[in-house]
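For reference, the structure is listed below as structure tokens.
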Amino acid sequence: MTQPSTPETPSLNFIQEIMAADRDANKWSGRVNTRFPPEPNGYLHIGHAKSICINFGLAREFGGVCNLRFDDTNPTKEDVEYVDSIMHDVRWLGFDWDDRLYYASDYFEQLYQWAVQLINKGKAYVCDLTGDEVREHRGTLTAPGKNSPFRDRSVAENLDLFARMKAGEFPDGSRTLRAKIDMAQPNLNMRDPVMYRILKAEHHRTGNKWCIYATYDWAHGQSDSIERITHSICTLEFENHRPLYDWYLDELDLFHPQQIEFARLNLTYTVMSKRRLLELVTGNHVRGWDDPRMPTLAGMRRRGYPPEAIRNFCTKIGVSKTDSMIEMSVLEGAVRDDLNKKAPRVLGVLRPLKVVIDNYPEGQVDELEAINNPEDESMGTRKLPFARELYIERDDFREDPPKGYYRLSPGKEVRLRYAYFVTCKSVVKDPKTGEVTELHCTYDPATRGGAAPDGRKVQGTIHWVSAGHAIDAEVRLYDYLFRIPDLAEVPPGEDYKSYINPESLVVLQGCKLEPGLAKAEPGSRFQFERQGYFCVDPVDSKPGTPVFNRTVSLKDSWAKIEKGQKKKGG
RNA sequence: UGGGGAAUGGUGUAACGGUAGCACAGCAGACUCUGGAUCUGCUUGUCUAGGUUCGAAUCCUAGUUCCCCAGCCA
């Protein structure tokens with residue numbers, strides 16, 4: 001009588017539904033071929049990661065393949081530096097295009113032949129209008145456009161002119177090849193769109209061979225068709241272009257992939273447009289494309305975000321056609337979730353405060369055992385040196401502790417993690433500034449390892465390092481790049497760059513870390529207990545003196561409590 | 001006053017005429033040698049107005065709001 005528990009049927013997103021329906025209808029003979037088509041004019045960012053995960057992920061789920069294709073039709077903006085970085089980033093994210101690496105520029109000759117075909121069909125013409133004139137003729141959103149005076153040139157004349165455009169006889173911008181569609185269409189993209197412009201620019205792959213370059217619309221669908229793409233997945237702003245995508249393919253009578261559009265990723269407290277990211281780089285508002293504050297994959301890699309975490313994030317946020325803004329906490333959560341399981345724990349003091357254990361023998365060094373990862377026993381243990389002089393975190397001591405403060409204060413006993421219970425006996429201050437410079441404590445030898453034989457408890461456990469054994473390191477703390485969550489809220493006329501968070505980077509010198517970290521590999525990730533996840537900066541670290549980037553902080557519930565207290569109590 | 005899209009808690013995303021679920025955030029608690037992790041519980045939602053139906057987030061009608069489009073960028 002009792003139904004067996006229903007098997008989990010994972011819900012499909014709308015693209016998966018389309019693909020499942022296509023598969024069931026045998027629409028493409030069961031074949032699935034997607035593509036990721038970046039333009040090599042900038043570095044990949046987390047928004048691209050979403051697209052990569054969708055395209056490569058869908059191919060994997062449906063037993064198909066995904067191509068990598070560079071959409072390199074605008075030589076004035078593109079560069080091999082970007083081509084290389086893009087390939088590196090896609091691989092780093094965990095995807096592989098095998099031998100399916102393509103370039104739109106590989107298809108320039110074929111595209112040219114097809115353009116000639118359209119001219120012969122009377123469906124394309126050479127137009128001598130200037131850019132301004134083309135705009136004037138296009139009409140407006142509400143008013144139809146006017147036909148170009150060159151619209152009815154003979155096929156022979158068009159053929160001749162187009163060949164001479166290709167041959168470089170005319171100056172840049174002087175003529176275009178346009179599709180002959182309908183200047184009265186309510187969709188502006190259909191009002192005789194430009195297929196080719198004259199551009200005597202050196203292309204990173206074809207050199208100076210071409211001086212006419214295909215526009216996006218003319219190149220994209222045909223490139224998809226050449227590669228026998230089944231599902232051409234792109235972002236929402238191309239929805240208006242789909243009729244044109246379909247028109248070209250139909251007029252040419254070519255293999256016709258299906259274009260499907262989804263909402264691009266927006267994240268709070270950052271920007272995602274390549275134009276703005278480029279501006280941040282060239283304007284030196286950040287330290288480059290791989291600045292750990294950047295939403296680029298290069299930046300996230302350097303910051304310590306694991307690729308698995310980014311992939312999980314992309315799965316979590318889903319795919320839909322609703323414009324959305326994902327909260328940064330979702331990404332941070334995915335990063336913490338991944339690192340919690342994998343990152344070895346270490347003790348590191350970021351803002352050191354000297355502690356002298358008065359009753360600990362001078363010169364004596366003890367070796368204490370510490371667990372490398374409580375989430376994963378197989379990661380084992382390590383030894384930590386303990387001595388009379390230590391450093392603890394400045395923030396773990398308050399001379400006048402607020403209510404609910406568990407850490408060290410005068411007369412209070414706390415546990416030093418994996419070591420001993422210590423009690424604060426006196427405070428040394430700078431006579432001039434009043435700043436606390438040193439603490440004197442006593443320890444209870446019976447609590448070695450961190451447990452009291454008499455069963456007494458302490459509220460707080462704090463981290464520490466032995467002053468004589470610790471290594472010095474620079475630690476870079478990162479916060480949101482912008483002060484406001486949604487840059488679309490910047491009032492018109494105001495510069496979004498004035499909203500850059502001045503505390504997005506805080507550099508700490510003289511941090512004290514447990515000695516084992518001296519030999520940490522560049523790029524390796526650790527949890528500094530009670531503080532966060534940190535990654536050895538692969539660029540600025542030197543052997544023996546690593547630089548650490550804070551990947552993400554640990555959740556800090558005390559900070560939250562204290563914030564609440566301040567708000568309430570004033 | 002054109003065309004194309006989209007509207008489900010604070011933020012995302014499910015539910016495909018039959019109990020509005022999940023994640024993140026928030027709140028409260030348990031546990032803890034990380035104020036971490038983990039575990040409980042809770043608050044908050046179907047854009048509006050009509051209609052169809054035993055029953056509507058879902059179907060119909062009208063409206064509202066938001067996004068995209070007037071590059072020889074992609």
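Convention: sequence-line order gives letters A, B, ...; per-chain numbering from 1.
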Identify, with sequence neighbours excluded, every residue that meets side-chain hydrogen bond (donor to acceptor under 3.5 Å, both in side chains) alongside [X].
X       : result
Y125(A) : D192(A)
N187(A) : none
T461(A) : R415(A)
T76(A)  : N74(A)

Base versus backbone protein contacts along nucleotides 67-74 of chain B [heavy-atom cut-off under 4.0 Å; B, S, -]: SBBBSBSB
Can you check each nucleotide of nucleotides 34-42 of chain B against protein heavy atoms at under 4.0 Å and return B for base, S for sugar-phosphate only, - for none, in 5' to 3' order? BBBS-----
For RNA chain B, report each stem as range with range, ordered by first number, or say none. Use Watson-Crick or G-U wobble pairs under 3.5 Å, at least 3 in a row.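 Stem segments, range with range: B:2-7 with B:64-69, B:10-13 with B:21-24, B:26-30 with B:38-42, B:47-51 with B:59-63.
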Quick one: which residue pairs count as a side chain to side chain donor-acceptor pair (under 3.5 Å) with a foot in residues 313-337 of chain A, not counting sequence neighbours? E239(A)-K321(A)
Under 4.0 Å between any heavy atoms, over every strand shown, what does [X] touch: base, sugar-phosphate, or nothing? Just pick one.
X       : answer
K560(A) : sugar-phosphate
A451(A) : base
V319(A) : sugar-phosphate

In residues 324-331 of chain A, which residues come under 4.0 Å of RNA chain B by heavy atom?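 Going residue by residue through residues 324-331 of chain A, the ones with a heavy atom under 4.0 Å of RNA chain B turn out to be S324(A), M325(A), I326(A), E327(A), S329(A), V330(A).
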Heavy-atom nearest nucleotide on RNA chain B taken for K316(A) and for N13(A); more 5' hit belongs to N13(A)
Which residues pass the salt bridge (charged side-chain N to carboxylate O under 4.0 Å, His left out) test with R197(A), sequence neighbours left out?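 Expected list: none.
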Does atom CD (E367(A)) have a neighbourhood of more than 12 heavy atoms from anything else shown, all under 6.0 Å?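 Count over threshold, so yes.
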Taking the six-membered ring for Trp, is the centroid-to-centroid distance between W464(A) and F386(A) below 6.0 Å?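 Between W464(A) and F386(A), the centre distance is under 6.0 Å.
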Would you call D106(A)-R69(A) a salt bridge at under 4.0 Å N-O? no
Sorted by first residue and then second, give each salt bridge (Lys or Arg N to Asp or Glu O under 4.0 Å) pair with at least one member in residues 35-49 of chain A; sequence neighbours left out.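 Qualifying pairs: R35(A)-D224(A).
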Please enumerate all residues that pass ring-ring contact (aromatic ring centres under 6.0 Å, His included) together with Y216(A), with sequence neighbours excluded.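 Partners of Y216(A) under the ring-ring contact (aromatic ring centres under 6.0 Å, His included) test: H220(A), F238(A).
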